[in-house]
Enquirer: 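Got a structure for you, questions after.
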Amino acid sequence: MAKHPLSRRRFIQLGSGAIAATTVAKNILQPHLLSASPRPVAPSDTVRFASIGTGIRGCEHLQASLLVPGIQCVGVCDLYDSRHTAAQEAVKNPSVPATRDYRSILDRKDVDAVIIATMDHNHRHIFEDAVAAGKDVYCEKPMSHTVEDGFSMVDAAQKNKRMVAVGSQRVSSILYAKAKEIYDSGKLGDVFCINAYWDRNSPSGAWVYPIPPDASEKTIDWNAFLGNAPKHPFDPVRFFRWRCFTDYGEGLGGDLFVHLLSGIHFISSTNQPALRAVSSGGLFHFKDGREFPDLIETMYDYPNFRVTLRCNLNNAGGEFIAFYGNKGTLIIKDSTLTYKPENVRPEPEGYSVFGWPKALRDQYYKQWEDEHPEPKPLDWKSDEDGESYGVPSGYSDTADHQANFFNAVRTRKPVVENEGFGNNTSIGCHLANFAYFNKSVAVWDGNSKKIVKG
Ligand SMILES: NC(=O)c1ccc[n+]([C@@H]2O[C@H](COP(=O)([O-])OP(=O)(O)OC[C@H]3O[C@@H](n4cnc5c(N)ncnc54)[C@H](O)[C@@H]3O)[C@@H](O)[C@H]2O)c1
């Protein structure tokens, strides 16, 4: 902390920054969603898609699809019959064909693309069957349930020359686009430290979802749900709260870390997984038979920066990502983005010299002022200090993410969050869980495409 008495000019210098720091301009960003189609979409350009998996996320997708021009939902597929009705309601079309059998969707010639929003362990086989059938694929995050799944999916997509989008929709958000613009402008200086968290404090936030009263082996195709997972007798808790179980999900890593990592990779243009990770955490409160912790904290090493992530299901801290640079700080908190510059102008040292006798200290200050020209006023305009951005009410980054995908289907130009991007961020989740469950450093071995103990 500077203790030296402020000269008039230093007061002006610091004062203008202090005043500016309290002035926060809030800009509402303009959506570019409907730029998904850079021109009006002719009916002949309509992309016909089907949704495989129409639970919570699948229904969100169907609702969001109504905002995207030039697309039409022509089929829905789910293993639980009530979700056929839910899907038809979500897409506002009670007569859209519904089936339990995703292969019958892939056999249809009038389906150009599919959205896969099933439990994570079923992504791979549906994805691989879909690309082999010539469909482009929007696959929900995390792309992979295991490291091996991810590389197999990347190979399948590339072999079949299919367009793929992975579903961390923040990558298409106007807020994240603004964050990337600021990051790329150099206004943050060097960023070596990135910190993010996503904390929730409710049973729903911890996936304690109610079991619908009609759930039974008659209304749910249990064997198809299990897919390649180990056999298990019918258990609606495992079906509806699958995120709690290692056979089907990846806990907080796959549910929330992947969004944070996708945002970080997108903003920093990172195109590789972390080099290594260490995790800590525990299952402290939701001791309901689940296999994943309700608190996990992971530190990742990337070549040029370090990342720390946390998810805590016992405090409602919300969603937060911060990039700490030596010229400024960028923070995304829920749906607001702020950028604050650092005051990096030269200043006389003002701490250790208080251990000097006054005469020497005065001499030091005089010499410093002689050697440094009168500082210019801060070059931050008050409305630039603490830039702040939000999104308009009702903004849907899911619709924007879909729009980017369906545009790629039309143009054959890949989206940012393609299969390679999705594989890298999924590996980040697997690193976190490997480190947590093995109580060891998790090292990414890119040559063997495996995680190994460090
Ligand atoms: N991007 C996001 O913000 C976001 C939000 C929520 C969930 N998700 C992801 O979406 C996916 C689905 O999550 P959810 O919350 O909707 O789960 P959910 O349990 O509500 O729905 C999953 C549905 O998939 C169906 N399904 C599973 N295997 C199937 C198969 N072989 N054929 C047809 N249907 C099948 C199930 O019957 C179930 O209804 C997960 O990968 C999850 O991580 C993403």
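First listed ligand is number 1; within each ligand, the first listed atom is number 1.
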Enquirer: Considering heavy atoms of the protein only, find what lies nearest to atom 22 (C) of ligand 1 and give residue, atom and distance to 0.1 Å.
Expert: A117 O, 3.6 Å

Enquirer: Under 4.0 Å from a heavy atom of C77: give me the atoms of ligand 1 that qualify, with their elements.
Expert: 33 (C)

Enquirer: Can you tell me the protein heavy atom closest to atom 11 (C) of ligand 1 and the distance?
Expert: T118 O, 3.2 Å

Enquirer: Looking only at non-hydrogen atoms, find the nearest pair between T298 and A277 and report the distance.
Expert: CG2-CB, 3.9 Å

Enquirer: Taking only heavy atoms of Q169 into account, list the atoms of ligand 1 that are under 4.0 Å away from them.
Expert: 1 (N), 2 (C), 3 (O)

Enquirer: Heavy atoms only: give me the nearest H401-V171 pair and the separation to one decimal.
Expert: CE1-CB, 4.2 Å

Enquirer: Assess whether side-chain hydrogen bond (donor to acceptor under 3.5 Å, both in side chains) is satisfied between D214 and S82, documenting all intermediate values.
Expert: CA-CA 8 Å; D214 69 346; S82 288; 2.4 Å; yes

Enquirer: Can you give each donor-acceptor pair under 3.5 Å made by side-chain atoms of residues 446-454, sequence neighbours left out, with the distance rounded to 0.1 Å?
Expert:
unit_1 : atom_1 : unit_2 : atom_2 : d
S448   : OG     : D445   : OD2    : 3.1

Enquirer: Can you report which non-hydrogen protein atom sits closest to atom 15 (O) of ligand 1, along with the distance?
Expert: R243 NH2, 2.7 Å

Enquirer: Just to confirm my output: which protein heavy-atom neighbour is closest to atom 20 (O) of ligand 1, and how far is it?
Expert: I56 N, 2.9 Å

Enquirer: Mark up the atoms of ligand 1 that fall under 4.0 Å of a heavy atom belonging to H259, in ascending order.
Expert: 1 (N), 2 (C), 3 (O)

Enquirer: Can you list the ligand 1 atoms lying under 4.0 Å from a non-hydrogen atom of G167?
Expert: 1 (N)

Enquirer: Using distance alone, decide if ligand 1 has a nitrogen or oxygen within less than 3.5 Å of any nitrogen or oxygen in R57.
Expert: yes

Enquirer: In the protein, which heavy atom is nearest to atom 31 (N) of ligand 1, and how far is it?
Expert: I126 CD1, 3.6 Å

Enquirer: With salt bridge (charged side-chain N to carboxylate O under 4.0 Å, His left out) as the rule and sequence neighbours excluded, what pairs involving residues 289-305 come up?
Expert: R276-D301, D288-R290, D301-R306

Enquirer: As a test of understanding, state which of F266, F323, Y176 forms a ring pair (Phe, Tyr, Trp, His ring centres under 6.0 Å) with Y183.
Expert: F323

Enquirer: By number and element, which atoms of ligand 1 are closer than 4.0 Å to a non-hydrogen atom of D120?
Expert: 40 (C), 41 (O), 42 (C), 43 (O)

Enquirer: Heavy atom under 4.0 Å from ligand 1: found in H123's side chain, backbone, both, or neither?
Expert: side chain

Enquirer: Look up atom NZ in K327 and atom OG in S185, then write down how far apart they are to the nearest 0.5 Å.
Expert: 10.0 Å

Enquirer: For W242, take its heavy atoms, then give the atoms of ligand 1 lying under 4.0 Å from any of them.
Expert: 13 (O), 17 (O), 18 (P), 19 (O), 40 (C), 42 (C), 43 (O)

Enquirer: Going through the checks in order, is the ring-ring contact (aromatic ring centres under 6.0 Å, His included) test met by F225 and W222?
Expert: CA-CA 5 Å; F225 158 71; W222 176 251; 5.0 Å; yes

Enquirer: Has F239 got any heavy atom lying under 4.0 angstrom from an atom of ligand 1?
Expert: yes

Enquirer: When you measure from the heavy atoms of F225 to every atom of ligand 1, does any distance fall below 4.0 Å?
Expert: no

Enquirer: Give a yes or no on whether a salt bridge exists between D136 and R412, defined as a side-chain N under 4.0 angstrom from a carboxylate O.
Expert: yes

